Amino acid sequence: MTSDEMEITIVTGNKGKLREFRELAEELSGGLLRVKQADMPKEEIQADRLEEIALHAARVISKLLEPPFFVEDSGLFIEALNGFPGPYSAYVHKKIGNEGILKLMSGVENRRATFKCVIAFISAPSTQPKLFVGSVSGRIAESIRGDKGFGYDPIFEFSGRTFAELDTKEKNKVSHRGQAFKKLLQHLGLNYGGEHGIRNASSLP
Ligand code: ITT
């Protein structure tokens, strides 16, 4: 590894998340950030806020894993359902799936929804986690569309297409995860490449 290179461990069992993080790391850091996966159980407390869940999980894991690493907690917040499934997104997806959400939303006019992602990053032993947050607003589609992505992607519509109709690169440009991860890379001084990297910052509006 050169002095510019860095390795980071992502604690997740979710293959979809991992694929997106790997592509983001490659694109934004120009290959300088290498991503390792630790698929270990994340202690998830019941809480209203993703921030609390991610902070707690990171603190527990810091006793078991060498930094730098991060955990990520994410969820889908549907306005007409008062933010449900929110922090319970993983459980709800397992239990009722996208069909179940569409049933709950049947006949509901307000279809606004937000995906949110919270990264809790620990840089060194005995340090507190630092949070990086991203969100994206869209709407719940009327039906399941697309075969890419994972989780709620086939029912989350952004600019006329569901996230499952976008390839990973397109989704990463606008997604909650893409935004949170860009903030982490900026913090690490590694956000060089890609369309939204520092090298191309002059082309941003
Ligand atoms: P880890 O805890 O192991 O990282 P998980 O799948 O349990 O994986 P979460 O506890 O953060 O992850 O739950 C988030 C759920 O929200 C996840 O199961 C997905 O169903 C959904 N979700 C989060 N981000 C998503 C995205 O970008 N696209 C589709 N669904 C997403």
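Because the structure is predicted, anything quoted here is derived from the model rather than measured. Both counts, for ligands and for their atoms, begin at 1 and track the order of listing.
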If the threshold is 4.0 Å, N to carboxylate O, is there a salt bridge linking [X] and [Y]?
X    : Y    : answer
E7   : K36  : yes
K169 : E20  : no
R111 : E79  : no
D73  : K116 : no

Among protein heavy atoms, which lies nearest [atom], and at what distance?
atom                    : value
atom 2 (O) of ligand 1  : K42 NZ, 2.8 Å
atom 7 (O) of ligand 1  : A90 CB, 3.9 Å
atom 23 (C) of ligand 1 : S74 OG, 3.1 Å
atom 6 (O) of ligand 1  : N14 ND2, 2.9 Å
atom 12 (O) of ligand 1 : K17 NZ, 2.9 Å
atom 21 (C) of ligand 1 : Y152 CD1, 3.6 Å
atom 1 (P) of ligand 1  : T12 OG1, 3.5 Å
atom 27 (O) of ligand 1 : K171 NZ, 2.7 Å

Measure from the side-chain N and O atoms of Y152 to the backbone N and O of H93, and report whether any donor-acceptor pair falls under 3.5 Å. yes

Using a strict 4.0 Å cut-off to heavy atoms of [X], name the atoms of ligand 1 that fall inside it.
X    : result
S89  : 15 (C), 16 (O)
E44  : 2 (O), 10 (O)
H176 : 24 (N), 25 (C), 26 (C), 27 (O)

Of all the heavy atoms in K94, does at least one lie under 4.0 Å from an atom in ligand 1? no

Does even one non-hydrogen atom of F163 get within less than 4.0 Å of ligand 1? no

Look at the aromatic rings of F21 and F70 and report parallel, tilted or perpendicular, splitting at 30° and 60°. perpendicular

Parallel, tilted or perpendicular: which describes the rings of F163 and F158, with under 30° parallel and over 60° perpendicular? tilted

Taking heavy atoms and a distance under 4.0 Å, where does F150 meet ligand 1: side chain, backbone, both or neither? both

Nitrogen or oxygen of [X] less than 3.5 angstrom from that of ligand 1:
X    : answer
G13  : yes
D153 : yes
H93  : no
E20  : no

What do you reckon, is CD of E142 surrounded by more than 12 foreign heavy atoms closer than 6.0 Å? yes

Are D167 and E170 close enough that some pair of their side-chain heavy atoms sits under 4.5 Å apart? yes

Check whether any side-chain heavy atom of F181 lies under 4.5 Å from a side-chain heavy atom of S175, and answer yes or no. no

Under the criterion side-chain hydrogen bond (donor to acceptor under 3.5 Å, both in side chains), I'd like the reasoning laid out for Q37 against R22: C-alpha separation, chi angles, the key distance, then a yes or no. CA-CA 10 Å; Q37 179 197 18; R22 283 201 198 281; 5.1 Å; no

